[in-house]
Amino acid sequence: MPATLDVVLRNDTGASQLYAHITGSDGAGLVVLGADGKTPYRPASPGSTLQPLGADCAIAIGPSGSTRTVSVPRMAGARIWFCKRKPLTFFVNPGPALVEPSATNPSDANYYLDWAFCEFTWNTQQLYANISFVDFVSMPVSLRLKTGDGSVKTVRGLPPDGLDQVCARLEAQGRVDGKGWEKLVIRCPASGAALRALSPNAGRVLVPGLLDGYYKAYVDAVWAKYAAEDLTVNTQAAWGDVRGRVGRDGKLAFAGVGSFDKPAAADIFSCSSGPFAAGPGVSAEMLNIGARLAAAFNRSTLLVNAAQPEGEKVGTYYKNAVTNHYSRICHETSVAGRGYAFAYDDVGASNAVDQSGFVNDANPRLLTVGVGKPL
């Protein structure tokens, strides 16, 4: 197999210049692609935090309508970052560890820039790439993968006015239930234009206490339901079906596996804290079950479906008044409804339409990433 993969980057943002940065890691550690779009750069570990990257790694794509082809080495946990009109600023901490742009720190050098990213891993098994709304929504990013057998796989992402649509719908939801969804909308101080829409998990960093207690009544109703009947979770793995029931101790217990306390809103939005947290003594099977529970809570389907996730139907997602309205709005706005909107948005019935917005193939030929409008 080839050692590099061609990736076409396309600027359809309307901006006079679009910059890309490609970051990730391989067996030797941190990798950042150079400004030439082909030479890997490996920052040295600095002696203190927040040191300059040490090389020009801003890949200029050109004005709107332009494309540029880059050559990407095998990388894991990688991102292709995009920024309109000027490059992003990255720093390096001891390790070396990359300090990425922050959407939740107003003092970050990149905070008021217009930027976005997609994610990928390219290893000896496959290329896997996805768009992501897990942290925030900003300018549209879309994917088109041409495979070795000539087939084409696509994720079209948001329409050109997708950010404005998402922001308007979040503000409308805030007016409907008074829970503060409008606080997820970040606008440019000078122009008032929408800059990004934060996920609830990210929004809670900027607005402490936002949506605290939001899921309490829903969680209480779920616990009452499964104190009287079994909840079946198909692990979609070697463990098969497991059955849970809320016991007298108030825990949702899966016999021989473990139990879950009631999650708070923060645990549901993050999918990784409270009863869903990893840590010493938490088995892979418990994490698997927790992922399926977290997905069902975000989509608010546990009161209508006791067979998770194989009994799930996409049409029943987000129908409860108490749900992850940010995720609902992202999917309603996206072309074909696809795009990661929370950490376990890839969970679903085996025969269901993918919600997470990924493309993958064992023999990738060409990946095209469009920015500004769907490919």
All heavy atoms of Tyr128 vs all of Ser356, minimum pair found to be OH-OG, 4.4 Å
Taking every heavy atom of Lys38 against every heavy atom of Pro40, the minimum-distance pair comes out as O-CD, 3.3 Å
Check your understanding: Sub-3.5 Å donor-acceptor pair from the side chain of Thr235 to the main-chain atoms of Gly240, do we have one?
Key -> yes
| query | Does some side-chain heavy atom of Thr323 sit less than 4.5 Å from a side-chain heavy atom of Tyr218? | reply | no
_Arg338 side-chain N/O to Arg156 backbone N/O, donor-acceptor pair under 3.5 Å_ = no
| query | Do Ile268 and Asn298 have side-chain heavy atoms sitting under 4.5 Å apart? | reply | yes
Heavy atoms of other groups near Lys373 NZ, more than 12 under 6.0 Å:
no
**Study point:** Short N-O contact, Arg79 and Glu100, less than 4.0 angstrom
**Key:** yes
*Taking it one step at a time, do Thr121 and Asn123 satisfy side-chain contact (heavy atoms from CB on, under 4.5 Å)?*
CA-CA 6 Å; Thr121 288; Asn123 55 32; 3.8 Å; yes
Solution key, residues 272-282 side-chain donor-acceptor pairs under 3.5 Å, sequence neighbours excluded:
unit_1	atom_1	unit_2	atom_2	d
Ser272	OG	Ser270	O	3.4
Ser273	OG	Asp267	OD1	2.6
Ser273	OG	Ser270	OG	3.2

Salt bridge or not for Asp12 and Arg10, using N-O below 4.0 Å?
yes
Check: Under 3.5 Å, is there a donor-acceptor pair between the side chain of Asp56 and the main chain of Ala58?
Finding: yes
### Query
Is it true that Val134 and Phe117 fall in one hydrophobic cluster, defined by side-chain heavy atoms closer than 4.5 Å?
no
Note: Phe342 and Asn324 closest approach over all heavy atoms is CB-ND2, 4.4 Å
Here the side chain to side chain donor-acceptor pair (under 3.5 Å) pairs for residues 14-23, sequence neighbours left out, are Thr23-Trp81
Where the side chain of Asn288 meets the backbone of Ala284, is there a donor-acceptor pair that is under 3.5 Å apart?
no
| query | Would you call Gln355 and Arg299 a side-chain contact if the rule is heavy atoms closer than 4.5 Å? | reply | yes
Report task. I would like to know whether Trp181 and Tyr214 meet ring pair (Phe, Tyr, Trp, His ring centres under 6.0 Å); could you show each step before the answer? Result -> CA-CA 11 Å; Trp181 298 98; Tyr214 176 72; 5.5 Å; yes
* **Lys/Arg-Asp/Glu bridge criterion (N-O < 4.0 Å) met for Asp220, Lys262** => yes
Please step through side-chain contact (heavy atoms from CB on, under 4.5 Å) for the pair Leu206 and Leu198, ending with a clear verdict. CA-CA 9 Å; Leu206 273 179; Leu198 299 177; 3.5 Å; yes
Open item on the list: Taking the cut-offs as 6.0 angstrom to the six-membered ring centre and 45 degrees off its axis, would you call Arg169 and Tyr326 a cation-pi pair?
Closed with: no
side-chain hydrogen bond (donor to acceptor under 3.5 Å, both in side chains) filter on Glu332, not counting sequence neighbours, yields Arg328
Across all chains, not counting sequence neighbours, the ring-ring contact (aromatic ring centres under 6.0 Å, His included) partners of Tyr344 are none
Is Glu285 salt-bridged to Arg292, going by a charged N under 4.0 Å from an acidic O?
no
Connected via hydrophobic side-chain network under 4.5 Å: Ile131 and Val335 | no
Problem - side-chain contact (heavy atoms from CB on, under 4.5 Å) between Thr154 and Leu143, worked out - result: CA-CA 5 Å; Thr154 60; Leu143 306 173; over 6 Å; no
Here the gap from Cys57 atom SG to Leu33 atom CG, rounded to the nearest 0.5 Å, amounts to 7.5 Å
Practice task
Kindly state whether the ring of Tyr340 and the ring of Phe358 have centres lying under 6.0 angstrom apart.
Solution key: no
* Asked: Is there side-chain contact between Asn363 and Asp149, with at least one heavy-atom pair below 4.5 Å?
  -> no
Donor-acceptor under 3.5 Å (Tyr41 side chain, Leu53 main chain): yes
Practice prompt. Report whether Val347 and Leu293 are members of the same hydrophobic cluster (ILVMFWY, side-chain heavy atoms less than 4.5 Å apart, transitive linking).
Written response: no
To the nearest 0.5 Å, atom CD1 of Ile22 lies from atom CD1 of Ile59 at 4.0 Å
Would you say Trp223 ends up clustered with Phe254 if hydrophobic residues are merged whenever their side chains have heavy atoms under 4.5 Å apart, either directly or through other cluster members? yes
One should read off an interatomic distance between Ile80 CD1 and Leu367 CG, to the nearest 0.5 angstrom, of 6.0 Å
query = Does a side-chain heavy-atom distance below 4.5 Å link Ser327 with Tyr317?
reply = no
Subject >> Side-chain donor/acceptor of Thr333 to backbone N/O of Ile329, under 3.5 Å >> reply: yes
Polar side chain donor-acceptor pair, Glu119 to Asn130, under 3.5 angstrom: yes
For residues 87-95, please give each side-chain donor-acceptor pair under 3.5 Å, one per line with the distance, not counting sequence neighbours.
unit_1	atom_1	unit_2	atom_2	d
Asn93	OD1	Leu50	N	2.7

Just by distance, do the side chain of Ser300 and the backbone of Val322 share a donor-acceptor pair under 3.5 Å?
yes
message: Is it the case that the side chain of Asp36 and the backbone of Thr39 share a donor-acceptor pair, with hydrogens and angles ignored and the cut-off at 3.5 Å?
response: yes
| field | Close side-chain approach of Leu231 and Arg243, heavy atoms under 4.5 Å | value | no
Between Asp135 and Ala202, the two heavy atoms sitting closest are O-CB, 3.4 Å
Let's go through Lys179 and Leu211 carefully: what are the C-alpha distance in whole Å and the side-chain angles of both, what is the deciding distance for side-chain contact (heavy atoms from CB on, under 4.5 Å) to 0.1 Å, and is it a yes or a no? CA-CA 6 Å; Lys179 300 300 183 182; Leu211 294 164; 3.9 Å; yes
| said: Quick one, Phe133 and Val166 - any side-chain contact, counting heavy atoms below 4.5 Å? | reply: no
Residue set satisfying ring-ring contact (aromatic ring centres under 6.0 Å, His included) with Tyr318, at least two apart, ordered chain then number -> none
Practice prompt. Could you check if a side-chain atom of Ser199 sits within less than 4.5 angstrom of a side-chain atom of Phe136, using non-hydrogen atoms only?
Written response: no
Any side-chain donor near an acceptor of the partner, Gln308 and Thr232, under 3.5 Å:
no
Taken to the nearest 0.5 Å, the spacing of Leu9 CG from Ile61 CD1 works out to 4.5 Å
Note: Ala194 and Leu163 closest approach over all heavy atoms is O-CD2, 3.6 Å
All heavy atoms of Val353 vs all of Val314, minimum pair found to be O-CG2, 4.2 Å
| Taking NZ, NE, NH1 and NH2 as the nitrogens, is one of them in Arg204 or Asp212 under 4.0 Å from a carboxylate oxygen of the other? | yes
Original post:
Is there a donor-acceptor pair closer than 3.5 Å between any side-chain N or O of Arg365 and the backbone N or O of Thr147?
Top reply: no
Review point. Above 12 or not: heavy atoms from other molecules or residues under 6.0 Å from NZ of Lys183?
Key: no
Exercise. Side chain of Thr13, backbone of Gly372: donor and acceptor closer than 3.5 Å?
Worked result: no
Review point. In terms of hydrophobic clusters joined by side-chain contacts under 4.5 Å, are Met286 and Val246 together?
Key: yes
### Task
Consider only side-chain N and O atoms of Asn234 and Glu310, and report whether a donor and an acceptor are under 3.5 Å apart.
no
